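Model, not experiment: these values are computed from the prediction. Position 1 is the first residue of the sequence; numbering continues from there.
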Amino acid sequence: MQGTILVIDGVSTNRIVLKVQLTAACFQVLQADSMSAAMELMAGNRPDLILTAMTLPDGDAGAVKAALSRMPQLADVPMIALSTSNDRGTRIKALSAGIDEVLPQPVDDMILQARIRSLLRMRMQDEDLHMREDGVPSFVMPMTGATVTAAPRPDTSVALVCHDLPTAQKWKSRLAGSVGYNLRAYNVDAIQDLMRTPVPDVIVIELNEQSAGMALRLLADLRARISTRDSVVIAVPNPADATIAAEALDRGAHDVLHCGFQVDELALRISTQLHHRQRAEMIRANLRNGYRAAMEDPMTGLYNRRYARPFLEQVAREACTTGETFAVMVADLDHFKRINDQHGHPVGDAVLVEAARRLKAQLRGCDLLARIGGEEFMVVMPGIHPSEAATTATRLCNAISTTPFDAPGCDSPLAVTVSVGAVVSTPDGHVASGDDMFAAADRALYDAKHAGRNQALVKGPQRSAAA
């Protein structure tokens, strides 16, 4: 089964017809003859989509949507309302209430099926984002200003793409009085202009009889390109055409005006889609913050041990395949406890931040620098010759010791030194594991400390035990 659809209609004939249509498309169908029956049914069943008559024996589609909005587990279930009157006022009222689509009865099976597929795709994408968000519960940072509003940013841009520029300019003029967006007009073959940075936040594409094929190809192209895949795409068959509307939805349009161009409905659908986009962007930002918190040291901005150890193992595996040598270093600030004890932890923190900056400045872009303990850092350098590794280890020492550290609250700069232990893998492909390389670098660090600190000690090629 492709999903579960709840049909709510007080007329049994309508429910039967819809069940036949939907079952033929491999959907599981639940039925209710009233709003109260639907609520009772949904207490134990969570549908993937709701298909409801506009008017019910004990309420209407708007009341169903309002009731669902108060139920967190059902608030995001998409809803299509079927109306016996195909007037604009009815559609606008329903869309304003949060209903995703309004279709006239008798419903065209082609547009109904396409709309269901489109809404279920978007629902699955939303659920995938939420599942990823739930996957890092310990590290997700709270969202700032979590309430999402549909109010446009001052720089929100909407591109109106029509079969010719005069039509696009006409749409722009008519829409300008209803929205506060930055409107741009294009003809359908101006794809190069459309792709110029910054790309539009919303792209409205006219699908008329002369250019429907070109416009549909453009629509699919926009949804596939990296630069525009996050742009909202709304299709407008002009004049209304159910076949073209269904094709646009199946090619990836986020929304479609199946009744043709209407200013108030287009403005409402743009606002709704921007709301969905803003919500998805906030979830993605939350995910990025969560993963960053899991993998980065908040004080220095460096990667932490949780990230560094798997990175080291990956470098070791690749070295076994390529035969390239790599280096692992462990660096530890000397007598760091004295700094904290004599000057306080804020000074110690400032020294750590500056030490991280200096160490990173000595490394290549492909190298990893991570803070793996209080004053301890790890360096992983893929594809480096042993002599270059030795030179780098010395540079790391000098970067810390040659210039005293200025720290807030200290009357004079602080002299700080670092000890570095380094090992290099064998060049014959029989390299030690990441764990063994780290252990060898740690032993080299111990030897450097024992030899008097403020120095780098580099040990020769490390090979696997099997070799």
Side-chain angles (χ1 to χ4, degrees), residues 1-109 111-124 126-127 130 147-148 150 255 258-259 265 268-269 271-272 275-276 279:
M1 290 290 180
Q2 294 184 3
T4 300
I5 297 178
L6 171 61
V7 175
I8 313 172
D9 198 314
V11 180
S12 60
T13 304
N14 292 342
R15 295 198 305 272
I16 292 170
V17 171
L18 288 171
K19 181 174 182 179
V20 170
Q21 288 177 283
L22 297 171
T23 302
C26 298
F27 292 108
Q28 180 180 356
V29 180
L30 304 175
Q31 299 183 68
D33 59 5
S34 64
M35 177 177 166
S36 58
M39 293 300 155
E40 184 177 345
L41 185 61
M42 283 188 284
N45 298 274
R46 186 172 183 266
D48 297 299
L49 183 140
I50 297 171
L51 189 58
T52 180
M54 186 66 76
T55 303
L56 298 168
D58 55 351
D60 58 21
V64 174
K65 183 63 181 179
L68 294 179
S69 68
R70 296 189 292 269
M71 306 166 67
Q73 72 275 21
L74 296 170
D76 293 334
V77 175
M79 179 184 294
I80 299 174
L82 303 181
S83 176
T84 55
S85 59
N86 190 26
D87 63 285
R88 185 172 62 185
T90 299
R91 282 200 314 279
I92 294 297
K93 182 179 178 181
L95 293 172
S96 299
I99 295 169
D100 296 278
E101 185 59 279
V102 181
L103 297 175
Q105 288 180 316
V107 64
D108 184 293
D109 185 57
I111 190 68
L112 174 63
Q113 298 285 356
R115 204 66 179 98
I116 289 173
R117 288 192 294 270
S118 174
L119 289 170
L120 289 180
R121 274 199 308 272
M122 288 190 286
R123 177 173 172 75
M124 286 188 288
D126 286 345
E127 287 186 340
H130 283 296
T147 301
V148 179
D255 209 344
H258 54 84
C259 292
E265 184 173 342
L268 181 56
R269 289 183 185 269
S271 178
T272 299
H275 173 94
H276 291 326
R279 185 165 174 268

Any sub-3.5 Å donor-acceptor pair from Ser69's side-chain atoms to Ala66's backbone N or O?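 It does hold such a pair.
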Do side-chain atoms of Ser96 reach the backbone of Ile92 as a donor and acceptor pair under 3.5 angstrom?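 Flag set: sc Ser96 to bb Ile92 pair under 3.5 Å.
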Point-to-point distance, once rounded to the nearest 0.5 Å, from [atom1] of [X] to [atom2] of [Y]:
X	Y	atom1	atom2	answer
Met39	Met42	CE	CE	4.0 Å
Ser85	Gln105	OG	CD	9.5 Å
Ile116	Ile80	CD1	CD1	5.0 Å
Ile111	Glu101	CD1	CD	7.5 Å
Lys93	Asp87	NZ	CG	10.5 Å

For residues [X] and [Y], determine if any side-chain heavy atom of one lies less than 4.5 Å from a side-chain heavy atom of the other.
X	Y	answer
Arg279	Asp76	yes
Met79	Leu119	no
Leu6	Leu41	yes
Pro57	Asp33	no
Leu74	Ile50	no
Leu51	Leu22	yes
Leu56	Ile8	yes
Gln31	Ile5	no

Measure across [X] and [Y] and return the closest heavy-atom pair with its distance rounded to 0.1 Å.
X	Y	answer
Met71	Ala67	CG-O, 3.5 Å
Gly62	Ile99	N-CD1, 4.0 Å
Gly3	Asp48	CA-OD2, 3.3 Å

Would you check, one step at a time, whether the test side chain to side chain contact (heavy atoms under 4.5 Å, CB included) holds for Asp108 with His258? CA-CA 11 Å; Asp108 184 293; His258 54 84; over 6 Å; no
Check: residues 10-21 side-chain donor-acceptor pairs under 3.5 Å, at least two apart:
{"residue": "Asn14", "atom": "ND2", "partner": "Asp9", "partner atom": "OD2", "Å": "3.3"}
{"residue": "Arg15", "atom": "NH1", "partner": "Asp9", "partner atom": "O", "Å": "2.6"}
{"residue": "Gln21", "atom": "NE2", "partner": "Asp109", "partner atom": "OD1", "Å": "2.9"}

Non-neighbouring partners of Asp60 that pass side-chain contact (heavy atoms from CB on, under 4.5 Å), sequence neighbours left out: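 Here the qualifying residues are Ala63.
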Residues in side-chain contact (heavy atoms from CB on, under 4.5 Å) with Ala25, at least two apart?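 Listed in chain order: Phe27, Gln113.
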With Arg91, which residues qualify under salt bridge (Lys or Arg N to Asp or Glu O under 4.0 Å), at least two apart?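 Only Glu265 meet the salt bridge (Lys or Arg N to Asp or Glu O under 4.0 Å) criterion with Arg91.
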Would you please name every residue forming a side chain to side chain donor-acceptor pair (under 3.5 Å) with Asp100, sequence neighbours left out?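 For Asp100 there are no side chain to side chain donor-acceptor pair (under 3.5 Å) partners, ignoring immediate neighbours.
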For Ser34, check side chain to side chain donor-acceptor pair (under 3.5 Å) against everything at least two apart and list the hits.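 If we apply the side chain to side chain donor-acceptor pair (under 3.5 Å) test to Ser34, skipping adjacent residues, the hits are Ser36.
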Step by step, would you call Asn45 with Thr4 a side chain to side chain contact (heavy atoms under 4.5 Å, CB included)? CA-CA 9 Å; Asn45 298 274; Thr4 300; over 6 Å; no
Positive for side-chain contact (heavy atoms from CB on, under 4.5 Å) with Met54, one of Val102, Leu82, Leu103: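 Answer to the side-chain contact (heavy atoms from CB on, under 4.5 Å) test with Met54 among Val102, Leu82, Leu103: Val102.
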